[in-house]
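Here is the naming used below: chain letters follow the sequence lines, and residue numbers restart at 1 for every chain.
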Amino acid sequence: MSNFFSLGRLFSLGNSFSHGVHPRHHKEQTENLPIQRVPFVSRYIMPLGQHIGVPAEPIVKVGDVVQRGELIARPKGFISTALHSPVTGKISDIGMHRYVDGSFKMAIEIAADPYATQQFIKIQTNSTNVRDMDIAEFIDAVQMSGIVGMGGAAFPSHVKYAIPDEQQITDLLVNGAECEPYLTNDHRLMVERPEAVLRGSEILRRQLGADRVAIGVEKNKPESITQLKKYLTTDMAIDIVPLEVKYPQGAEKMLIKSIYNKELPAGKLPRDIGIAVNNVGTIVALADYFDHGMPLIERIVTLAGPGVHEPANLIVPIGTPIRDVLDFAGGLKEQTREVISGGPMMGTPIADLDAPILKGTSGILAFTENETSRPREYPCIRCARCLEACPYFLNPSRLALLGKARLFTEMQDKYHVMDCVECGACTYACPSNIPIVQHIRTAKDNLRNRKAESH
Amino acid sequence: MTNTNENSKTHSARSQEPGSSRLIFSMAIAGFISGIIIISIYILTFDTIKENKARELREAVFKVLPNVSTMQKLHFSEDDSGADNKKLMVVKADGMDDEMMFAGYDQQGKFIGYAIQGKGPGFQDTIHVLFGYLSSRKNITGMEILDSRETPGLGDKIFKDMDFVGEFINLPMVKNIKAVKKGKKSKDNEIDAITGATISSKAVVRIINKAFNKWSPRLPQQGNEPVLAKTVVTKESGER
Amino acid sequence: MDDLLWIFISTLLVNNFVLAYFLGLCPFLGVSGQLETSFRLGLATTFVLVITALCAWVLNTYVLIYAPYLRLISFIVVIASTVQFIEMSIKKLSPSLFKSLGIFLPLITTNCAILGLAIFATNRGYGLVEGLTFALGAGAGFTLAMVLMAGIREETEINDVPALIRGTAFNLIIAGILSMAFMGFAGLFSST
Amino acid sequence: MATDITAYEEMIKGLWRDNPVFVQVLGMCPMLAVTNSAINAVVMGLATFFVLVGSSFLVSSFKQWIPKQVRISLYIIIIATFVTVVDYSLLAMLPAIHKELGAFIPLIVANCMILGRQEAFASKHNVKYAVMDAVGMSGGFMIALFALGSVREILGVGAFFGVDLFGANFEPWVIMILPPGGFLTLGLLLLFFNWFTERRRQFLDKVAEAERVAVAGVDKNG
Amino acid sequence: MKNKDPRLLLQSAPLLRQELTTPAAMKDVWIALLPASCAALWFFGLSALLILSVSIAGAVLTEWVFTDKEKRRFALSDTSAGLTGLLLGLTLPPGLPLWMAFLGGAVSIGLGKVIWGGLGTNIFNPALLGRAFLLGTFPIAMTTWGAAGGPGEFFQIHSSNLALPFMQGQYDALSAATPLGLMKFEHQSTALGALFMGNTAGSIGETSSLLLLLGGIFLLLRRSIDWRIPAAIFLTAALFSLIMFISNGDVYPSPLFTLFSGGLLLGTFFMATDPVTSPLTPKGCWIFGIGIGFLVVLIRLYGGLPEGMLYAILLMNAATPLIDRYTQPRIFGRKG
Ligand SMILES: Cc1cc2nc3c(=O)[nH]c(=O)nc-3n(C[C@H](O)[C@H](O)[C@H](O)COP(=O)(O)O)c2cc1C
Ligand SMILES: Cc1cc2nc3c(=O)[nH]c(=O)nc-3n(C[C@H](O)[C@H](O)[C@H](O)COP(=O)(O)O)c2cc1C
Ligand SMILES: Cc1cc2nc3c(=O)[nH]c(=O)nc-3n(C[C@H](O)[C@H](O)[C@H](O)COP(=O)(O)O)c2cc1C
Ligand SMILES: Cc1cc2nc3c(=O)[nH]c(=O)nc-3n(C[C@H](O)[C@H](O)[C@H](O)CO)c2cc1C
Ligand code: SF4
Ligand code: SF4
Ligand code: SF4
Ligand code: SF4
Ligand code: FES
């Protein structure tokens, strides 16, 4: 009943963008739980293509013994990244394995050595100190570290740092918004390892030649803000920027709007206006890599949702089957209906619990009847809530109607469907329970295929 | 209509291309025949139509001016260069325009009153009104709607509701008349509007006022009324 | 002046050619599927209506007082040939204008709104200025009705209107509802 | 004999299957404008009948002599002549009704149905067929006018051909004789027509299916 | 080999939904209309109750009859058809023969909703379409008003209510003029107090400004309606009538009278804001509201009819597709 009258919305709170939605954040389940490490399990699956771009190329064969941290697949081309073994053990298979969406993808399976110490081997970089690297060396090093964006898209990070000569980065934006409900992995990272966040930011700022760093954090994470501020010293060119709690505050363009009040033109990248954006998780991975030589072999995953017995924030070796991680947290409740990888707004449903945790998996959320049952779909009553939700000022109502009628070209030409980032705010806001994003995804797929065919 | 060209192509392929003289010739023949037909029907119906129209007008005039048996049409023109410097002159032409009105006379040819026409916007469209006026008594003697497109069942009561029409019989016309809500009539120069058609009622009253104010300064002094010309329209016959 | 204003408002809103006089229904029902086209057709029709008012006035004042029985034939012939002449001149003088408006001209000439305007203007004894105002009001009213109709039809195109209803029946019903809405203008500027 | 039957069919098709209003959607303007009473509708129908039959007769009689290049102009002249004849005759004989039909008598010229029939039929067929076709088409037009005019008068005034039907207490549906009523009634009539045709088609399909089954059954048995 | 855990659903994100659902939005409007409907009973007695029930019945029955057999189970679950009936009923005069109210409800849904494809597809406000039809069809019955009574006369039903189908109502001598009629034809203003409380002649649900305002504010606070539409209507209507009032105060009403008389409040809060028939875009809502405000005063002051709210809304409904089309918001990161 607290939402019965929504007066609070009349007042604007903190730095922000226009439109967007205010789902309940549900972070109380996990926001105060310290990060734990999950024990090693017997079997790991490393899909070769768990990042955007070209899949990596295996350099091991079945039967090889690998150390934790050892390179097992190398990047194939520039938009590709390295893969390291998350565990000490033996390569048991290279072949098709289950992926989260239920399909089969090429992966390397590793049987863990139950008796190994699981010490990781450090990656050797050309210069021992990042301070001495030039940007080209830095980019190579990042590519070989296997670091990808941890903010969801899993885009190989080194590609972002390859700035064309005529461009100059002036600002580094660290994304600690974590606007997705339930997820607290970025939050815990900022609370528990603020020095790593700050240090990683400084490393990247120097390498990119940016003037300042801004770390944007939503106001519902006061502890993150105080922790970061506590470790902030005057010699760091870093600002901590509190942001209004609003979804999708963490989306790159929205964040840039909120912090710099700049509107990133459609079809442009942040670097075109002198900004580089990275998730805090990515930043910490960079810090760990350059300070300790640790490649991206584990990440923090939030386990939450009403279907999980013991919600937690866990350090999980990449490649751990999801079922094992869930079992560590007491398993799923009987009432669980759906398990999601990522946040409830943009995440993807998991079709098979035997699929592994990936570099981009920020959370495993389990939901029950309560969240998944829907009133039936009603016709669009043109209430305009989706328009007022869409941070990109698209017309989701129209897009859904056109999508239903399969008028894809009109969606593109007149209503710019391709500008949609599929944030789901419109669908969240729709009282008629219309699967707007689904219609949009179908249209986008269709248009992309058509374009591909015509080339 | 769109496949005209196509058809003509197939046609001309079959028959020989006719010369332009033949085209002109056939058009001329057609024009000629059609002219003959049209002119014949025109001539055939001319008298009846004219009489119909005259009768309609006459009946309207006789209805709004009681005890009248002959009438003639008067035309007003601004320039007074006409005969006898008169601005108001008897005319015989067919048709009507805004500058015309009628004078009515009794059996002895004595002048009785004027029939004045006016028009103006009503609820739907323009309303044409004719009303009789006795200048001697400053009285409106009756009102007739010549043409209107008011709503059937509502606005058309301005000529179907006899109570309303009756109010314009012997209505003193010293200053402007006024329409008031039904039952609110308290003065001589007030008219009870029709319930549900207040707007049309008011429109009729406004049209009468406007026409009256236009014509009353144009009317000659009492006793100076135009005399009955030789050819006039009487009750019994059309033209005499 | 007042009269001219009333003629204009009356033909534009109160006695809209399409919605109250039932003139020009063929294009109204047939060509109102697309907003862009409808608007251009409206403009072209307005143009032809103005030409028609001019022709009608010329014919009425100089020809038909001598031969009233030729009214219908002369209206048709003169309007059609004038429009055709103008169409040819536009094609020569401004091909772009021809492309956007001119292609409609042959379609319009056979339309009863055009003939209706000439006949109404004659029956009401309009002078030149009144006639032109009448034509402008009629054209603007036609364009307005056309554009509203086209907007509605485009909007309903993507809805699931029952298949049995779609088509002329539906368009007529929409027209009826529009006509009903325009009844609100009845008596405008005539009651005060 | 055989030709007679087809000429007759030529006429019948205009009445229902190819009804100019319900099926071809032609001549909408006069259709809607004058159908606020049954008598107006009938007079308009007769006028159209006269014009269409007359011009079809002329056009098909003289079709050999009409040059293709100027045929449309000739058709229009012929039609306009007939319309003028009707106009003057009505004015002379039925001035009251002429006043109500107003400008719509001359507008018969613009009725696309009439020109369309000359172009599509009369100019290609002999006199008998052309006249039968014209009779059928204008008959169909008249049926539509009459249906519309009757509905509108009965509901809108509570009368039929001016004869009071329901007594003084009847509440007339004024909108029926106003412009919106014209659009709505014709729209609903069309809807009904579509629905009826659809039902008939379904019914015929069913009958055909039943026959097929029956025949198949006979074959098997025989 | 399985490639999906049979236990798991694969609904794609977003999984979360805000609380509001379409039936709940409709319910809000029912709640907001409750005070005004109760006032209607207070002022117009059982007649009001009968008219409201009959018009709701007409609407609901029509919706039910025309829904596909498979969908019938849900057809009425969103309560929008009933809402249309209620809103129509609230705009009818208390002495209207019941059969007309029923016909109005049926036309509202039949012509106003069903033929367009059902909920959400209609261009014109169904309730107002029904009213426009009734007004055009039975203009006299629809403009004959009963005076507001009190609770003492609760059980007296207007004899005209009970007219047989297709027959005229026999009016007990009750005809009274509405505040707008008095203003238009007699240039008499009605006291603001009476307009506020609602003991004047008029449509069943339009008389009490106070309760309508209450309902409207409830909907605004619940964010069930777009605040721009009422704001634009009020501002435009007030401004326009202020200008006229200053130019000639004897003939033209004051802005307050304009806002609180007739159906302006009922129309503004409950009908102009019907999401289905109003523009989607924020700028469109402003234009829509300004158009209504302008048209309603234009029709009231210069038109033939004393009240213009009905037609103002219908006309702007007709323009809504055009408005929407030309007021698409500027997409983030794009020019113009
Ligand atoms: C007079 C006035 C009334 C307003 N009323 C509301 C209202 O009832 N509800 C609302 O959400 N916004 C209202 N606003 C707009 C808000 O102040 C604000 O602009 C809007 O909520 C922006 O939302 P966002 O920050 O979520 O994009 C009103 C603005 C004005 C000027
Ligand atoms: C709707 C939407 C919401 C997002 N929310 C967040 C967020 O809360 N936190 C975040 O780090 N990235 C978020 N992202 C991803 C960012 O836009 C951006 O890609 C990311 O911060 C870049 O950093 P990375 O390459 O290190 O992942 C979001 C993206 C979208 C489309
Ligand atoms: C469809 C319709 C047609 C109307 N036709 C007319 C009309 O022809 N003439 C008229 O004065 N009022 C007409 N009215 C206006 C109303 O009846 C108006 O309320 C009435 O003129 C006010 O008069 P009253 O106060 O006497 O009831 C019409 C109203 C409607 C809805
Ligand atoms: C805020 C709001 C206002 C509404 N107003 C109306 C209305 O004025 N008339 C109506 O028929 N239905 C109204 N409805 C119900 C519903 O939107 C309407 O039946 C649709 O137009 C039918 O497609 C309203 C619903 C809501 C949520
Ligand atoms: S969903 Fe991904 S991008 Fe959004 S807050 Fe969570 S981790 Fe960050
Ligand atoms: S999913 Fe697309 S359309 Fe919907 S709110 Fe997000 S950006 Fe806008
Ligand atoms: S399609 Fe758009 S939203 Fe989806 S991943 Fe690519 S950029 Fe992001
Ligand atoms: S939120 Fe849903 S119901 Fe509302 S306009 Fe958007 S799509 Fe339609
Ligand atoms: S019949 Fe009127 S435009 Fe065709």
| task | Evaluate side chain to side chain contact (heavy atoms under 4.5 Å, CB included) for Leu188(D) paired with Leu172(C), printing each intermediate quantity in order. | result | CA-CA 9 Å; Leu188(D) 293 176; Leu172(C) 279 167; over 6 Å; no
More than 12 heavy atoms of other residues, nucleotides or ligands under 6.0 Å from [atom1] of [X]: is that the case?
X	atom1	answer
Phe160(D)	CZ	yes
Phe196(D)	CZ	no
Lys63(D)	NZ	yes
Glu198(D)	CD	yes
Phe161(D)	CZ	yes

| query | Non-hydrogen atoms of chain C under 4.5 Å away: do they reach the side chain of Phe193(D), the backbone, both or neither? | reply | neither
| query | Side chain, backbone, both or neither: which part of Ile175(D) has an atom under 4.5 Å from a heavy atom of chain C? | reply | side chain
Within-4.5 Å side-chain heavy-atom neighbours: [X] and [Y]:
X	Y	result
Phe183(D)	Asn171(C)	no
Pro179(D)	Met180(C)	no
Cys26(C)	Met28(D)	no

At what distance, to the nearest 0.5 angstrom, does [atom1] of [X] lie from [atom2] of [Y]?
X	Y	atom1	atom2	value
Leu191(D)	Phe170(C)	CG	CZ	10.5 Å
Cys29(D)	Leu23(C)	SG	CG	6.0 Å
Asn194(D)	Arg166(C)	CG	CZ	13.5 Å

Grab the two heavy atoms, one from [X] and one from [Y], that are nearest each other, plus how far apart they are.
X	Y	answer
Gly116(C)	Leu107(D)	N-CD2, 3.6 Å
Cys112(C)	Ala110(D)	CB-CB, 3.5 Å
Tyr21(C)	Phe104(D)	O-CZ, 3.2 Å

| Please walk me through it: do Tyr88(D) and Tyr69(C) pass ring pair (Phe, Tyr, Trp, His ring centres under 6.0 Å)? | CA-CA 9 Å; Tyr88(D) 278 114; Tyr69(C) 43 83; 7.7 Å; no
| message | Among Leu70(C), Val77(C), Ile174(C), Ile173(C), which residue has the highest count of heavy-atom pairs closer than 4.5 Å to chain D? | response | Ile173(C)
| task | Look at Leu72(C), Leu29(C), Leu115(C), Ile165(C) and state which one has the largest set of heavy-atom pairs under 4.5 Å with chain D. | result | Leu72(C)
| query | Out of Val109(D), Leu26(D), Ile79(D), Val83(D), which one racks up the most heavy-atom pairs below 4.5 Å with chain C? | reply | Val109(D)
